[in-house]
Amino acid sequence: MAEIEKLASDIQLARRELRNIRQECLKQKANLKSEINRIKEFLSKSAINDKDTYSDIKKEEHSRYSMNPIGFISSCFKTKNGIPRQPALCPAAKGTLTIEKSIFSNPEHSLIGLNEFSHIWILFIFHENGTHNAVKAKVHPPRLNGTSVGVFSTRSPHRPSAIGLSLTKLDKIEGNTLFLSGIDLLDGTPVLDIKPYIPFYDMPPNLKENLTQFEHESEAENTEDEQIDNHSILQQTEAENISTDTTAASAMHNEPLLCNSKHTNCNVASFLTKMPKYLDVLFTNRALRDLEGFHAKGSHEGCCVNCFAFANQNEAKQAITDVLKNDPRSVYRRTKCSDRLYYFFINNLHVTCWFDESIAEVLRVKTLTDENEKCDNL
């Protein structure tokens with residue numbers, strides 16, 4: 001009996017010791033957690049204070065940057081197929097940009113004075129680049145047929161920051177909507193900002209002076225070959241509706257031979273100094289008949305499936321030609337893909353063509369809607 005009581009007493013003592021040990025463990029655990037948090041806070045403050053490079057500090061600041069689109073492009077190009085690689089390559093390519101009311105309570109006020117400019121810069125986002133996480137330092141421009149160059153020496157859409165820059169013609173402004181032409185933008189493109197094109201600032205002074213000299217020399221040479229009266233020149237200028245500075249700017253973007261010559265002090269990459277090889281664009285009889293079946297919107301009362309946004313059939317044909325003569329296919333499609341059939345959309349037209357060496361042949365031109373619908377006014 002005495003032994004049992006002694007064992008019971010030892011058990012109770014052991015329980016008290018275990019309880020004390022458990023409490024001590026919990027206390028030490030709490031102290032350890034507190035100490036760890038204190039050390040982490042100390043290390044984080046030390047890391048910020050110890051940063052000795054501008055880049056490290058800026059990386060943290062960049063995480064706080066944010067940009068909201070001021071509007072979205074409504075474009076004649078509904079898919080990426082057929083979009084010109086540079087602006088103004090297809091003058092008939094039109095679109096609109098409406099300034100969002102969420103940006104300004106009176107968005108039309110932000111456009112006051114802009115109608116005095118003929119061209120504007122558009123900063124936008126390449127929103128259809130895909131979900132590629134890795135950005136390559138080298139890219140393959142279409143003009144080089146597979147040769148690699150650094151991404152920052154090109155205008156490739158695949159960049160660390162997918163921001164694009166486009167120079168477009170401003171046709172008119174209605175309310176908070178800008179009407180544009182000569183665009184190279186996909187429908188739905190988010191626009192970050194717009195700025196007026198100012199030749200005095202946007203064109204290098206030496207280039208501007210030398211281009212003017214080049215124009216005078218060219219005019220003198222043309223005068224020796226053929227006499228052109230001032231009235232004809234004035235009519236041509238009025239038809240084009242482009243100023244001398246704007247013409248020079250357009251030449252700078254679309255006529256690479258003007259650079260790297262004795263007439264300019266403007267240097268560009270050597271692969272841009274050669275005139276691009278344009279394709280010959282042909283239309284089959286069936287494609288021509290397709291175009292003859294269309295009519296300009298507003299040319300009759302009512303609207304049907306055969307109405308298109310172009311002014312006339314010739315403008316539609318020229319727009320298709322402008323897209324195809326610059327060969328919109330990728331390098332892979334041109335060099336490695338055996339399928340020479342190609343299609344693209346412009347306005348409400350679905351264009352099917354065939355590429356063969358230096359020729360692009362338009363096979364069919366259809367509407368995006370049911371082509372069996374007829375217009376009662378025809």
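Numbering starts at 1 and runs along the sequence shown.
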Would a single hydrophobic cluster contain both Ile112 and Leu178, if residues Ile, Leu, Val, Met, Phe, Trp and Tyr are joined by side-chain heavy-atom contacts under 4.5 Å? no
Looking at side-chain heavy atoms only, is the closest gap between Ile120 and Leu180 below 4.5 Å? yes
Atom OG of Ser181 and atom NE2 of His119: how far apart are they, to the nearest 0.5 Å? 7.0 Å
Find out whether Leu114 and Pro196 are in side-chain contact, i.e. whether some heavy atom of one side chain is under 4.5 Å from a heavy atom of the other. yes
Group every Ile, Leu, Val, Met, Phe, Trp and Tyr by side-chain heavy-atom contacts under 4.5 Å, then state whether Tyr332 and Tyr342 land in the same group. no
Counting distance only, does the side-chain N/O of Thr335 pair as donor-acceptor with the main-chain N or O of Val331 below 3.5 Å? yes
Ile320 and Phe344 have their tightest heavy-atom pair at CG2-CZ, 4.1 Å
For Glu24, is there any backbone N or O sitting under 3.5 Å from a side-chain donor or acceptor partner on Gln28? no
Quick check against the 3.5 Å criterion: does Asn347 have a side-chain atom that pairs as donor or acceptor with the backbone of Cys76? no
Residue pair His350, Tyr343: steps toward the ring pair (Phe, Tyr, Trp, His ring centres under 6.0 Å) verdict: CA-CA 7 Å; His350 178 285; Tyr343 73 90; 5.5 Å; yes
So side-chain hydrogen bond (donor to acceptor under 3.5 Å, both in side chains) across residues 88-105, not counting sequence neighbours, yields Thr98-Thr177
Can you get from Ile346 to Phe179 by hopping between Ile, Leu, Val, Met, Phe, Trp and Tyr side chains that sit under 4.5 Å apart? no
Can Trp121 and Asp202 be counted as having a side-chain donor-acceptor contact under 3.5 angstrom? yes
May I have the step-by-step check of salt bridge (Lys or Arg N to Asp or Glu O under 4.0 Å) for Asp171 and Lys169, ending in yes or no? CA-CA 6 Å; Asp171 295 328; Lys169 187 176 184 299; 3.3 Å; yes
Rounded distance [0.5 Å steps], CG in Asp184 versus CG in Leu89: 8.0 Å
Contact between Gln86 and Arg155 at the side-chain level, heavy atoms closer than 4.5 Å - yes or no? yes
How long is the straight-line distance from CD of Glu17 back to CD of Gln12, given to the nearest 0.5 Å? 13.0 Å
Would you say the side-chain atoms of Glu35 and Asn31 include a donor-acceptor pair closer than 3.5 Å? no
Please tell me whether Phe77 and Val281 are part of a single hydrophobic cluster in this structure, the criterion being side-chain heavy atoms less than 4.5 Å apart. yes
Heavy-atom pair with the smallest gap, counting every atom of Lys138 and Ser148: CD-CB, 4.0 Å
Looking at Cys90, is its backbone amide N or carbonyl O close enough to the side chain of Asp322 to form a donor-acceptor pair, meaning the two atoms are under 3.5 Å apart? no
Say whether, by atom type as modelled, one donor and one acceptor occur between the side chain of Arg286 and the main chain of Arg364 under 3.5 angstrom. no
Would you check if the side chain of Lys80 reaches a backbone N or O of Glu128 as a donor-acceptor pair within less than 3.5 Å? yes
Write down the atom of Pro69, the atom of Ile103, and the distance for their closest heavy-atom approach. O-CD1, 3.5 Å
Steps toward side chain to side chain contact (heavy atoms under 4.5 Å, CB included) verdict (Lys317, Phe283): CA-CA 9 Å; Lys317 182 179 178 182; Phe283 287 77; 3.5 Å; yes
Do Leu123 and Ile194 touch side chain to side chain, with heavy atoms closer than 4.5 Å? no
Are Lys195 and Asp193 ion-paired here, with the side-chain N under 4.0 Å from a carboxylate O? yes
State, with a plain yes or no, whether a side-chain heavy atom of Lys366 is found less than 4.5 Å away from one of Leu349. no
Decide whether Thr367 and Asn348 meet the rule of one side-chain donor and one side-chain acceptor closer than 3.5 Å. no
In this structure, would Val323 and Leu288 fall into the same cluster of hydrophobic residues linked by side-chain contacts under 4.5 Å? yes
Taking every heavy atom of Glu292 against every heavy atom of Gln313, the minimum-distance pair comes out as O-NE2, 3.4 Å
Taking side chain as C-beta onward, heavy atoms only, is Phe355 less than 4.5 Å from Leu279? yes
Look at the side chain of Thr284 and the backbone N and O of Val362, then say whether any donor-acceptor pair between them is shorter than 3.5 Å. yes
Check whether Asp187 reaches the backbone of Ser75 with its side chain - one donor and one acceptor, N or O, closer than 3.5 Å. yes
Test Arg22 against Cys25 for side chain to side chain contact (heavy atoms under 4.5 Å, CB included), laying out the working first. CA-CA 5 Å; Arg22 188 182 295 111; Cys25 288; 5.7 Å; no
Under the 4.5 Å side-chain heavy-atom rule for ILVMFWY, direct or indirect, which residues accompany Ile36? Leu32
Please find the pair of heavy atoms, one from Ala316 and one from Leu291, that lie closest to each other, and give the distance. CB-CD2, 4.3 Å
Between the main-chain N or O of Glu315 and the side-chain N or O of Asn312, is there a donor-acceptor pair closer than 3.5 Å? yes
OG1-CD1 distance between Thr168 and Ile122, expressed to the nearest 0.5 angstrom: 3.5 Å
Side chain to side chain contact (heavy atoms under 4.5 Å, CB included) between Ser110 and Ile99: does it pass, once the steps are laid out? CA-CA 9 Å; Ser110 67; Ile99 306 300; 4.3 Å; yes
Note, Phe124 side chain near Leu185 side chain (heavy atom, < 4.5 Å): yes
Measure the CG-CZ distance between Leu186 and Phe72 for me, rounded to the nearest 0.5 Å. 12.5 Å
What closest approach, in Å, do Ala92 and Phe310 show between heavy atoms, and which atom pair accounts for it? O-CE2, 4.0 Å
Compare all side-chain heavy atoms of Ile73 with those of Val191 and state whether any distance is below 4.5 angstrom. yes
Would you check if the side chain of Asn129 reaches a backbone N or O of Pro157 as a donor-acceptor pair within less than 3.5 Å? yes
Apart from Val139 itself, its cluster of hydrophobic side chains linked below 4.5 Å comprises Val151, Phe152
N-O pairing of Glu174 and Lys172 below 4.0 Å: yes
Given side chain to side chain contact (heavy atoms under 4.5 Å, CB included), test Leu324 with Cys353 step by step and report yes or no. CA-CA 9 Å; Leu324 293 178; Cys353 58; 3.8 Å; yes
Looking at NZ of Lys136 and OG of Ser156, how far apart are the two atoms once the value is rounded to the nearest 0.5 Å? 11.0 Å
